[in-house]
A.B. asks: 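Below you'll find the structure I mean.
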Number of protein chains: 2
Amino acid sequence: MTSNEATTPPGARTGSTGAADAAPPGRPAADRVTSRDVARAAGVSQAAVSLVLGDKWRGRVSPGKAQAVRAAARELGYRPNLAARSLRTGRTRTVLLVVPALTTEFFARVYTGAARVAADHGLGVVLYPSSEGIGPSHPAPATTPGAGPVRPPSVPDPFDSAAATLDGVIASSMAAEALTALRAADLPLVMLDSDPDDDRATATVNLDIADGVRQLTGHLTALGHRRITHLAADVRSWTFEVRARAVSEALSRVPGVRLRRLPAALGVDAGLRAAHTALTGPGPRPTALLCDDDIIAAGACKAVRRLGLRVPEDVSVTGFDDLALAVAVEPELTTVRLPAEDFGEAGMRALMAALDGRPDRAPTLPVELVARGSTAPPADAPENAARPGG
Amino acid sequence: MTSNEATTPPGARTGSTGAADAAPPGRPAADRVTSRDVARAAGVSQAAVSLVLGDKWRGRVSPGKAQAVRAAARELGYRPNLAARSLRTGRTRTVLLVVPALTTEFFARVYTGAARVAADHGLGVVLYPSSEGIGPSHPAPATTPGAGPVRPPSVPDPFDSAAATLDGVIASSMAAEALTALRAADLPLVMLDSDPDDDRATATVNLDIADGVRQLTGHLTALGHRRITHLAADVRSWTFEVRARAVSEALSRVPGVRLRRLPAALGVDAGLRAAHTALTGPGPRPTALLCDDDIIAAGACKAVRRLGLRVPEDVSVTGFDDLALAVAVEPELTTVRLPAEDFGEAGMRALMAALDGRPDRAPTLPVELVARGSTAPPADAPENAARPGG
DNA sequence: CGTCGGAAGTTATACGTAACACGTCGGGCT
DNA sequence: AGCCCGACGTGTTACGTATAACTTCCGACG
C-alpha cells in the first residue's frame, strides 16, 4: 500500500471498464464512487464530505475546501448511496400514495402532480393502488368461503412492498379501507378529499366540491330544469357523500325543483343502466341527469339515445371531473373540472410541511364549471329559461 | 446486565408506548423490531435469524429452532429493514418503469400489470414518466434560448429520484429518449414494444401489432372498403412505425385498395383536425379512417359528424388499444385490443428472469380485433361486401 | 482408535453514510 | 496573563443486515 495512491480515484465514470460479464454475483454492487473516494480526491476526511454535501458546513469547513469537495464530487460523478443514508438517518425520502386505482385517469393525474413536486424536493413517490372500494358494490355474498379465492389485492400490505420504509403517506379517501389495513403507525398522513374531522389524518386537502356542485346546479336551474335526477356513485366515500349532500342542499333552495337520486356503479355500462332506469321509471321523465363523474355521464348519454331521445334537446347530462373523455364523446360534456394535478401537488406539499414539522393547514382547492354541449334548456322550457348572453 | 433479560422483547407491537411526542429528532427511527430482537426472543443468534428468514438454513439450523425463529418473528411483527438489507446486498429489489406519460390509460394499465407481478415477488416498482416524445411534435423553434425556460421533465434523471438505487429498468420504446439521458450503466433493461435488434436491451417484449393490423385491415377490406386513410400517430416510436408498415403491407396485397396516410398528433382535437383534412382533401372521399389509437379515432368520429356525415354509414372509423374510451363514445369503436396489463406483466417477468440470470427469450403477446359499431360496409358497397352471418 | 465430515450454531465483519465527540489553533475579553 | 470560544477539522461509531469464517459436537468410517 503506497501512501500516495490516495489521490487516484478508483475509476472515473467514463465507463467501459473492459470486462463485460466478469462480475461475480457475490459482490455487493458495481464499483460505485463513495464519499470516501470523494474525500481522497479532495484531500479531506469523509466526514467533511458528508458535511459539505449535506450543506451543514456553516462553520465547520473552510469555503475553499468545501469548494474542492464539491468539485471532486462532480468530477467523480458521486451519487450518495441511498440505502446507506436511509440506514443511518432512518428516513427514506420516500412517500406512499394510496389511490383506489391508477387506471382512473383522475388519480393518474393526481400522481403526476404529486410526483412532480416530490421530485423537485428530492423525494420519491411509490404507489399503492388499493383497488378496494372501487367497482360495483356487489351484493357481496357474505361469508361464502367455498367460492374461488377472492384474490385480495396482490399487494396485501403497502409495507410489504419493496422500497417500503416510508416517511409519510398520502391517501385518497376512496382508498380509506386500505388505510386500516396498513398499520400506518405514526407516519404523517395526508388525506385527500376526506372528512376534515378524520382524526387519522395529519392534514387534509380538499377540493371545493360543494362549490362545484352549486355552480352545476345553478347552471341547470338557470337553464330551466326542474326535474333532475342525480346518478350518484355507488361508492362509500367522503367525496361522493359531499356531492350528494351539496346537490340536495342546493336544489332544495330552488322552488319547484323535484330531485331524485339513483345509485350507479362506476363505469360506462353502469351509468347506462342507471340512466335507463331513471328515464323509464314512473312519473314524468327528468329533464336533466346529474352524474357523479364523466364516465357515468358518458353511459347516461348512451342510454338517452337508446331510448330515441337526444342530448341535450330532450335530456341534459352533466359529468364531473373533466376527464379527457369529456370532450371525446358527443356532445361534449358539461362538467365540473377538478384540478387533479394541483390536487396531488397540494397533497404532497402538505405532507412535506408535516414532515418538516411545519403545521401547515392545507388548503381547499377551487373547482370550475365547464359548460359544454350536453346541457341546454329543457324542451318544456318555462319562461325563466334564458341563455345568458344569447 | 442481567443475563436473562434476553427473553424480554423490547416491545411487542401492541402500540401506544405512552410518550406521544417525546421523540428526539436526532434518533434514527422509531423503536423498530430488528433481527436481533427476534434472535433474543427465539434464543438464537442474529445470524441464525437471517439464515432462517432468508430461507438459507438447509443444513445450518435445526428445524426446531427455525420454527422458533419464525414464530418469534411473527410474534414481534418483525419487518426487515430494507435499507440495511440493500446496503449489505447491493440490491434494492426495486425496478424502474419508464413510461411516456401515466395519464395515458394504456400505460397506467401496463404499470398495474407490472406492479402486480412485482409485488407477488417482493419487488417494488417506481415510475419515471418521461413525458418526452409525446404530444405534438412541434415545429420545435430550434435553439431559441430567449423564450421561457422550457422546463425539462422535472425529474431530470431517474437516478436522482429517491428510492433510486435500481436493480433493473423496464422502458417503453415511446420513452426511449429518456433512456439515453439515464446512464443505465449496465442495469438489465427490458424494452417494451421495441426493435428486437436494439442492442441496449437485455430483452424485448412485444405485442403482435402486425397481426392486429392484419386483422383490422382484413375486417375493413372484407366489409368492402377500398379507399382507406391511415391517421398515423405523429410520434417517433417503434410501435407506430410497425403499425404504418403493417398497414401498408397488408393493404398492398388487396387489389384495388387505395391507401393514404396522414400524420396526426395524439389527442382528440388532433384526431379531429387530421380526419377533417382526410375527408375534405382532393380526390374521392375515403370510406374508412384507420386511426393509430382510440383517442385519435374519437376525434375522427367528431370530424365525420361535423361534416354532416355518419359513422359508420358514410365513414367507418377504427381505433387501436381498446381503452375505456372505446365503449364510451357512440358508436362504440371497432378497435384492436392490446392486453396492457399482460404486457406489463410480461415485461416484469422478463426483467426478473434477467435479474436471476435466466436467459429468457421474451414472448410476443397476441392481440385481438374487437369489432363494434364504428365499422360497416361502405355506402358505395361493391358486391363483395358481405356481413358474415347476416 | 483416530479422524474426517457434516450438522448446528456462533462470531465477526463490511456495506456507505451521518453525526457525535474530540482535538487544535488563534484571537478577543476580563 | 489566563481563558474561553469559535473556526476548522478529524477519528470514530452506529445504523441492521447478510454472509464468510470459525467452533463445536457427534456419528461413521478406515
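Chain identifiers are assigned alphabetically (A, B, ...) following the order of the sequence lines, protein sequences preceding nucleic acid strands; residue numbering begins at 1 within each chain.
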A.B. asks: Say you draw a straight line from NZ of A:Lys65 to CZ of A:Arg60; how long is it, rounded to the nearest 0.5 Å?
C.D. replies: 14.5 Å

A.B. asks: What residue among A:Val99, A:Leu127, A:Leu97 forms side chain to side chain contact (heavy atoms under 4.5 Å, CB included) with A:Phe107?
C.D. replies: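 Among A:Val99, A:Leu127, A:Leu97, the one that satisfies the side chain to side chain contact (heavy atoms under 4.5 Å, CB included) with A:Phe107 is A:Val99.
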
A.B. asks: Rounded to whole angstrom units, what separation is found between the CZ atom of A:Arg91 and the P atom of C:dT17?
C.D. replies: 18 Å

A.B. asks: Measure from the side-chain heavy atoms of B:Ala47 and tell me the nearest of D:dT19, C:dA19, D:dT17.
C.D. replies: D:dT19

A.B. asks: Among C:dT10, D:dG16, C:dA19, find the nucleotide with the atom closest to the side chain of A:Gln46.
C.D. replies: C:dA19

A.B. asks: Counting heavy atoms from C-beta on, name the nucleotide in C:dT11, D:dT17, C:dG16 closest to the side chain of A:Arg88.
C.D. replies: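 Of the candidates, C:dG16 comes closest.
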
A.B. asks: Check the distance between D:dT19's C1' and B:Leu87's CG and give it to me in whole angstrom.
C.D. replies: 14 Å

A.B. asks: Could you give the distance from CG (A:Leu189) to CG (A:Asp198), rounded to the nearest 0.5 Å?
C.D. replies: 8.0 Å

A.B. asks: Using atom CZ of A:Arg32 as one end and atom P of C:dG16 as the other, report the distance to the nearest whole Å.
C.D. replies: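 Taking CZ of A:Arg32 and P of C:dG16, I get 9 Å after rounding.
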
A.B. asks: Without decimals, in angstroms, what is the distance between B:Arg85 CZ and C:dG16 P?
C.D. replies: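 After rounding, the gap between these two atoms is 18 Å.
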
A.B. asks: Does a side-chain N or O of A:Ser35 approach OP1 or OP2 of C:dT17 to a distance below 4.0 Å, or not?
C.D. replies: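 Yes, because at least one side-chain N or O of A:Ser35 sits under 4.0 Å from OP1 or OP2 of C:dT17.
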
A.B. asks: In whole angstroms, how far is the P atom of C:dC15 from the CZ atom of A:Arg36?
C.D. replies: 8 Å

A.B. asks: Considering non-hydrogen atoms only, spot the tightest contact between B:Arg93 and B:Gly122 and give its length.
C.D. replies: NE-O, 3.4 Å

A.B. asks: List in numerical order all residues of residues 48-64 of chain B for which some heavy atom is under 4.0 Å away from an atom belonging to DNA chain C.
C.D. replies: B:Ala48, B:Gly59, B:Arg60, B:Val61, B:Ser62

A.B. asks: Heavy atoms under 4.0 Å, any strand shown: does B:Ser45 hit a base, just sugar-phosphate, or nothing?
C.D. replies: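 B:Ser45: base contact, heavy atoms under 4.0 Å.
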
A.B. asks: With side-chain contact (heavy atoms from CB on, under 4.5 Å) as the test, would you mind laying out the steps for A:Val125 and A:Ile170 before giving the verdict?
C.D. replies: CA-CA 10 Å; A:Val125 180; A:Ile170 303 177; over 6 Å; no

A.B. asks: Please give, in whole Å, the distance from D:dT10 C1' to A:Arg40 CZ?
C.D. replies: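 It is 16 Å, rounded to the nearest whole Å.
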
A.B. asks: In this structure, how many angstroms lie between the C1' atom of D:dC8 and the NZ atom of A:Lys65, rounded?
C.D. replies: 9 Å

A.B. asks: For residues A:Val44 and A:Val69, report the shortest heavy-atom separation together with the two atoms involved.
C.D. replies: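 The pair with the smallest heavy-atom distance is CG2-CG2, 3.7 Å.
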
A.B. asks: Taking all atoms of both residues into account, what is the closest heavy-atom pair of A:Met348 and A:Leu123, and its distance?
C.D. replies: SD-CD1, 4.4 Å

A.B. asks: From the list C:dG9, C:dT17, D:dG16, which nucleotide is the closest neighbour of the side chain of A:Thr34?
C.D. replies: C:dT17

